[in-house]
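Below: one structure, written as structure tokens.
Along the sequence shown, residues are numbered consecutively beginning with 1. Source: prediction; values computed, not measured.
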Amino acid sequence: MPQGQPSVVPDDGLTTRQRRQRPLVVVHTGIGKGKSTAAFGLALRAWNQGWPIGVFQFVKSAKWKVGEENALRVLGASGEGGSVAWHKMGEGWSWVQRDAQTDNEEKAREGWEQVKRDLAAQTYRLYVLDEFAYPMHWGWVDTDEVVEVLRNRPGTQHVVITGRNAPARLVDLADLVTDMSKVKHPMDAGQKGQKGIEW
């Protein structure tokens with residue numbers, strides 16, 4: 001394991017081990033591709049450590065079959081690593097906000113209520129809140145409440161949130177933030193998404 005030296009050592013009273021073990025809030029945002037993919041990569045690492053994983057997909061259609069879901073479900077059922085629970089709440093595409101979003105708003109709020117219950121019960125060690133930046137950005141879920149709940153979550157629960165336009169208050173709270181920027185994408189040249197790359 002790399003033994004990098006931190007540029008700053010906080011005066012927080014924690015030992016190096018305690019600081020290393022503290023739970024993280026991770027945000028993958030920006031207009032580039034790979035936000036969810038990176039979060040599912042973390043889920044693979046968590047599975048390998050034997051951690052229980054909760055995936056909550058906000059906004060993306062429940063009918064959309066993503067490869068990561070199938071792979072993580074198979075791994076979770078294998079009995080070799082951590083368990084995997086997968087929850088879908090969306091009815092439409094994450095990057096397009098349609099005018100009639102009443103169902104999506106309600107499902108996003110229901111999903112957030114379930115996440116809050118699971119955090120309080122310490123159900124999972126890793127939470128992947130896929131596309132959750134959108135419900136906050138669109139005002140469906142209160143960002144201040146999300147920040148407060150995440151700040152005060154018990155135990156050693158890591159939370160990864162993906163989606164464009166992550167609110168500034170969430171970014172400020174997060175321990176690790178990656179902004180995926182786009183340099184080039186096949187869709188810019190009129191090519192539609194393809195199996196094995198987009199899903």
Side-chain angles (χ1 to χ4, degrees), residues 1-30 32 34-58 68 71-73 75-87 111-133 135-137 141-181:
M1 179 170 216
Q3 298 295 317
Q5 294 296 319
S7 57
V8 175
V9 178
D11 185 19
D12 55 12
L14 298 176
T15 66
T16 301
R17 181 177 296 280
Q18 288 170 325
R19 197 174 300 111
R20 174 183 259 177
Q21 301 300 329
R22 69 186 181 86
L24 302 176
V25 173
V26 178
V27 174
H28 297 162
T29 192
K35 297 177 287 292
S36 297
T37 304
F40 294 132
L42 286 176
L44 288 174
R45 290 178 176 169
W47 171 83
N48 186 59
Q49 295 299 323
W51 295 359
I53 302 161
V55 177
F56 296 80
Q57 283 198 294
F58 291 83
E68 296 94 341
L72 282 167
R73 283 186 185 272
L75 289 172
S78 72
E80 293 185 29
S83 61
V84 179
W86 203 284
H87 310 275
W112 170 237
E113 290 301 318
Q114 183 60 52
V115 170
K116 288 195 305 185
R117 286 190 293 271
D118 285 332
L119 284 168
Q122 300 183 58
T123 305
Y124 307 108
R125 181 83 187 270
L126 177 71
Y127 295 73
V128 177
L129 308 187
D130 189 35
E131 311 291 4
F132 189 51
M136 286 183 276
H137 176 69
V141 174
D142 182 66
T143 301
D144 290 333
E145 180 189 23
V146 171
V147 167
E148 190 66 18
V149 168
L150 294 179
R151 180 182 287 121
N152 296 309
R153 70 195 185 282
T156 56
Q157 301 176 97
H158 300 276
V159 180
V160 184
I161 297 172
T162 72
R164 296 182 183 194
N165 303 309
R169 292 181 303 263
L170 177 66
V171 168
D172 289 344
L173 168 75
D175 302 287
L176 172 60
V177 179
T178 300
D179 188 312
M180 307 285 190
S181 61

With [X] via side chain to side chain donor-acceptor pair (under 3.5 Å) - residues at least two apart:
X: T15; value: Q18
X: R125; value: T156
X: Q114; value: R117, D118
X: T37; value: none

Inter-residue atom distance H28.NE2 - T162.OG1, 0.5 Å rounding: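 Atom-to-atom, H28:NE2 and T162:OG1 are 8.5 Å apart.
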To the nearest 0.5 angstrom, please state how far the CG atom of L42 sits from the CD1 atom of I53.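 Spacing of CG (L42) from CD1 (I53) equals 10.0 Å.
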Results of salt bridge (charged side-chain N to carboxylate O under 4.0 Å, His left out) for [X] - residues two or more places apart only:
X: D142; value: none
X: D12; value: R19
X: D175; value: R22

Would you say the side chain of V149 lies within less than 4.5 Å of the side chain of W112, judging by non-hydrogen atoms? yes
Measuring only between side-chain heavy atoms, which start at C-beta, is L150 closer than 4.5 Å to I161? yes
Of the non-hydrogen atoms in [X] and [Y], which two are nearest, and what is the gap between them?
X: K35; Y: G30; result: NZ-O, 2.9 Å
X: K116; Y: E145; result: NZ-OE2, 2.5 Å
X: A133; Y: G163; result: CB-O, 3.5 Å
X: Y124; Y: A85; result: OH-CB, 3.3 Å
X: V84; Y: G76; result: CG2-CA, 3.8 Å
X: A39; Y: V160; result: CB-CG1, 3.7 Å

Would you say D179 and T29 are linked by a side-chain donor-acceptor pair, where the criterion is simply a distance under 3.5 Å?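 Per modelled atom types, T29 and D179 side chains form no pair under 3.5 Å.
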Check whether any side-chain N or O of Q157 sits under 3.5 Å from a backbone N or O of Y127 as a donor-acceptor pair, and report yes or no.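 Not confirmed, Q157 side chain does not pair with Y127 backbone.
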Just by modelled atom types, is the L75 backbone N or O under 3.5 Å from a matching donor or acceptor in the W47 side chain?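 Yes, W47 side chain to L75 backbone: donor-acceptor pair under 3.5 Å.
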With sequence neighbours excluded, residues passing ring-ring contact (aromatic ring centres under 6.0 Å, His included) with W51: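 So W51 forms a ring-ring contact (aromatic ring centres under 6.0 Å, His included) with H158.
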Mind checking what makes ring-ring contact (aromatic ring centres under 6.0 Å, His included) contact with H87, not counting sequence neighbours?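 Once residues adjacent in sequence are excluded, the partners of H87 under the ring-ring contact (aromatic ring centres under 6.0 Å, His included) criterion are F56.
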Would you sort out whether V115 and V159 count as a side chain to side chain contact (heavy atoms under 4.5 Å, CB included), showing the intermediate values? CA-CA 10 Å; V115 170; V159 180; over 6 Å; no
Going through the distances and angles, do F58 and V141 end up as a side chain to side chain contact (heavy atoms under 4.5 Å, CB included)? CA-CA 11 Å; F58 291 83; V141 174; 5.8 Å; no
Evaluate the criterion side chain to side chain contact (heavy atoms under 4.5 Å, CB included) for residue pair R153 and V25; output intermediate values, then yes/no. CA-CA 11 Å; R153 70 195 185 282; V25 173; 3.5 Å; yes
Could you list the donor-acceptor pairs under 3.5 angstrom formed between side-chain atoms of residues 165-174 and any protein atom two or more places apart in sequence or on another chain?
from	atom 1	to	atom 2	distance (Å)
R169	NE	D144	OD1	2.7

Holding to side chain to side chain contact (heavy atoms under 4.5 Å, CB included), I want the full list of residues that pass it with A71, two or more places apart in sequence or in another chain. none
With salt bridge (charged side-chain N to carboxylate O under 4.0 Å, His left out) as the rule and sequence neighbours excluded, what pairs involving residues 39-49 come up?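 Matches after skipping sequence neighbours: none remain.
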